[in-house]
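For reference, the structure discussed in these notes is given below.
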Amino acid sequence: MSEVVQEHRPSGLQRVLDAVERAGNRVPHPVIIFLVLIGLLIVASHVFALAGTSVTFEQAAVSEQVEPSGEALIGDEPYQSAEPEVELVTVEAQSLLSADGIRFIFTSPVANFNGFGVVGVIMVAMLGVGLAEEVGLIGAFITRLVKVTPRRLVTASIVLLGVLSSIATDAGYLVLIPLAAAVFHSLGRHPLAGLAAAFAGVGGGFGVNMLVTPVDGMLAEITNESIADPAQHVSITGNLYFGIVSTLVITLVATLLTEKVVEPRLGTYREDEAPVPADGEVTAPPSHDLGPEQLRGLRFAFWGLVGVTALVLLLTVPSWGPLRNPETGSLIEDSPLMGSIIFLILLYFFVMGLCYGKGAGTIRTSMDVINPMTKTIAGLAGLFFLLLVISQFIAYFTYSQLGTIAAVQMADVLERAGLPTVWLIVGLILMTAVVDIFIGGVVPKWAIFAPIFVPLFVQLGISPDVAVAAYRVGDSPVNVVTPLMPYFALIVIFAERYRRKVGVGSVISLMLPYTVALLLVWSVLLVVWYLLGLPLGPGGTIYL
């Protein structure tokens with residue numbers, strides 16, 4: 001009797017994601033894509049400027065802040081007034097083919113690149129991380145981590161750490177995502193699944209946390225500037241309960257997606273998928289056994305960790321600590337501690353890498369310290385070239401004002417629609433998600449949306465905290481699929497360590513299930529929360 005072999009057919013979802021990946025990877029190199037987009041943008045800006053396109057809207061006055069991507073935001077001078085302030089702003093489309101536009105194109109490239117904060121963030125942080133990786137600390141740490149973490153909890157732990165990493169702004173993108181890929185690799189699982197899980201937590205869950213973060217302060221300030229009645233002002237903890245539950249829900253959803261959808265689609269990882277390094281050697285997963293030199297290096301690294309932590313505590317715990325806000329004494333709101341996260345990443349990894357290298361014998365001379373950091377920067381040359389082009393596109397897009405005009409017009413349509421409150425909440429979520437494709441960062445969109453939606457919610461007897469919660473839900477999930485997100489190019493670089501010919505389409509198809517699922521489940525969570533009338537946080541009510 002002949003044996004019948006059943007052919008495995010991919011599911012409908014797998015076929016859709018494969019089609020997205022093929023379509024995305026057929027497009028040219030991202031540098032070419034952004035050069036084409038710049039050309040189209042220049043033409044579009046001239047067309048809309050000739051048509052006299054403009055919008056007038058109220059915008060909340062906000063303090064000078066720095067968004068999680070590292071870019072400077074709105075306001076040249078810090079806002080000090082205790083009274084609510086909303087300014088009427090008229091924005092007109094600006095042509096990049098006008099005399100002023102041409103002057104901007106010719107004179108701004110250096111300033112655009114210098115002002116693209118993510119470049120400096122990556123360079124500074126990766127110096128320390130690169131040293132730690134090259135001397136062997138990262139590999140040894142992963143081996144140790146794998147031994148002590150139950151396999152069934154690895155994915156959930158990575159996602160949860162990703163969501164919680166938002167309190168340290170960019171740390172999750174720079175450290176956790178490549179670390180998660182390496183952890184999965186060491187376990188014999190597909191490293192891109194680990195990368196996806198961490199990216200889903202860091203980017204897809206950026207808007208919430210179990211703790212109060214700098215983002216909470218930014219959103220609360222903008223919201224309060226949009227409220228005429230000081231008695232209705234929101235608190236920085238107004239979404240804390242919702243944030244705690246959302247963190248757990250995001251962790252559950254992203255973990256299930258990773259293990260039930262993403263990892264099965266990727267299949268078993270083969271070492272020959274990885275690009276061959278210049279020396280011809282294929283990187284193998286870390287060994288699960290540590291030698292005496294590595295164990296001694298880890299002990300030295302631990303004492304390096306203790307030493308740096310003691311220094312940080314000395315500079316923060318006392319009331320006179322120089323890393324506290326000099327006016328309020330806060331460690332969170334507008335404090336030097338929050339502004340020094342990237343330097344602290346450099347300091348921690350540099351000291352721990354140095355200590356590990358001394359203990360393990362991988363550092364014997366000063367050149368053993370310099371060479372790894374030089375190699376790290378050299379390996380980022382392609383990324384910096386891509387970021388140079390992206391920085392020009394974002395600067396030109398901002399100059400044209402087309403993004404602001406589109407966002408305001410969408411918000412006006414939603415406001416005039418006269419939708420019931422539940423559908424208004426859903427509409428704000430979806431509109432935020434769409435605009436997030438083009439306008440990154442937490443603050444810029446909310447500075448535009450808050451003066452429109454916060455008074456509308458108040459007029460309907462709904463707390464502004466609900467509007468803030470809806471904005472959080474719409475703002476985060478799209479981060480992981482938009483190439484305009486400042487760290488998206490870096491994620492592609494991380495993925496290229498494990499698979500040849502990884503492109504923008506590969507990462508988008510990898511992360512698209514997370515975006516769809518998080519938007520759906522998270523929106524349902526907020527709607528149910530609203531219908532039950534549960535408090536969103538300490539002092540954060542549903543109804544006024």
Would the number of heavy atoms belonging to other residues, nucleotides or ligands and lying under 6.0 Å from CZ of Phe104 be above 12?
->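 Yes, the 6.0 Å shell around CZ holds more than 12 heavy atoms from other groups.
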What is the minimum heavy-atom distance between [X] and [Y], and which atoms define it?
{"X": "Ala93", "Y": "Ala49", "result": "O-CB, 3.6 Å"}
{"X": "Phe199", "Y": "Val507", "result": "CE2-CG1, 4.4 Å"}
{"X": "Pro191", "Y": "Phe184", "result": "CA-CB, 4.0 Å"}
{"X": "Tyr514", "Y": "Ala200", "result": "CD2-CB, 3.5 Å"}
{"X": "Pro178", "Y": "Arg497", "result": "CB-NH1, 4.1 Å"}
{"X": "Ala198", "Y": "Ala180", "result": "CB-CB, 3.6 Å"}

Does a donor on one side chain sit under 3.5 Å from an acceptor on the other, for Thr56 and Thr90?
->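 Thr56 vs Thr90: donor-acceptor pair found between side chains.
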With no hydrogens and no angle check, do the side chains of Thr432 and Trp446 hold a donor and an acceptor under 3.5 Å apart?
-> no
Compare all side-chain heavy atoms of Gln392 with those of Phe113 and state whether any distance is below 4.5 angstrom.
-> yes
Chi angles and distances behind the side chain to side chain contact (heavy atoms under 4.5 Å, CB included) call for Leu490, Ile177 = CA-CA 10 Å; Leu490 183 63; Ile177 292 176; over 6 Å; no
So, Thr482 side chain and Asn479 main chain: donor-acceptor pair closer than 3.5 Å or not?
->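 Judged by distance alone, no pair lies under 3.5 Å.
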Please step through side chain to side chain contact (heavy atoms under 4.5 Å, CB included) for the pair Ser509 and Arg265, ending with a clear verdict.
-> CA-CA 11 Å; Ser509 68; Arg265 174 174 173 260; 3.6 Å; yes
Describe, in one word, how the ring planes of Phe242 and Trp529 are oriented to each other, choosing from parallel (under 30°), tilted (30 to 60°) and perpendicular (over 60°).
-> perpendicular
Take Asp100 and Arg103 through the test salt bridge (charged side-chain N to carboxylate O under 4.0 Å, His left out) and record every step on the way to the result.
-> CA-CA 5 Å; Asp100 288 340; Arg103 280 191 287 268; 2.3 Å; yes
Option among Leu41, Asn112, Leu96 that satisfies the side-chain contact (heavy atoms from CB on, under 4.5 Å) test with Tyr399 |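 Checked Leu41, Asn112, Leu96 against Tyr399; only one passes side-chain contact (heavy atoms from CB on, under 4.5 Å): Leu96.
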From CE (Met431) to CZ (Phe453), nearest 0.5 Å = 3.5 Å
Working to the nearest 0.5 Å, report the span between CG of Asn239 and CG of Asn209.
->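 Between atom CG of Asn239 and atom CG of Asn209 there are 12.5 Å.
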Would you check, one step at a time, whether the test side chain to side chain contact (heavy atoms under 4.5 Å, CB included) holds for Arg499 with His190?
-> CA-CA 10 Å; Arg499 174 180 283 180; His190 205 296; 3.5 Å; yes
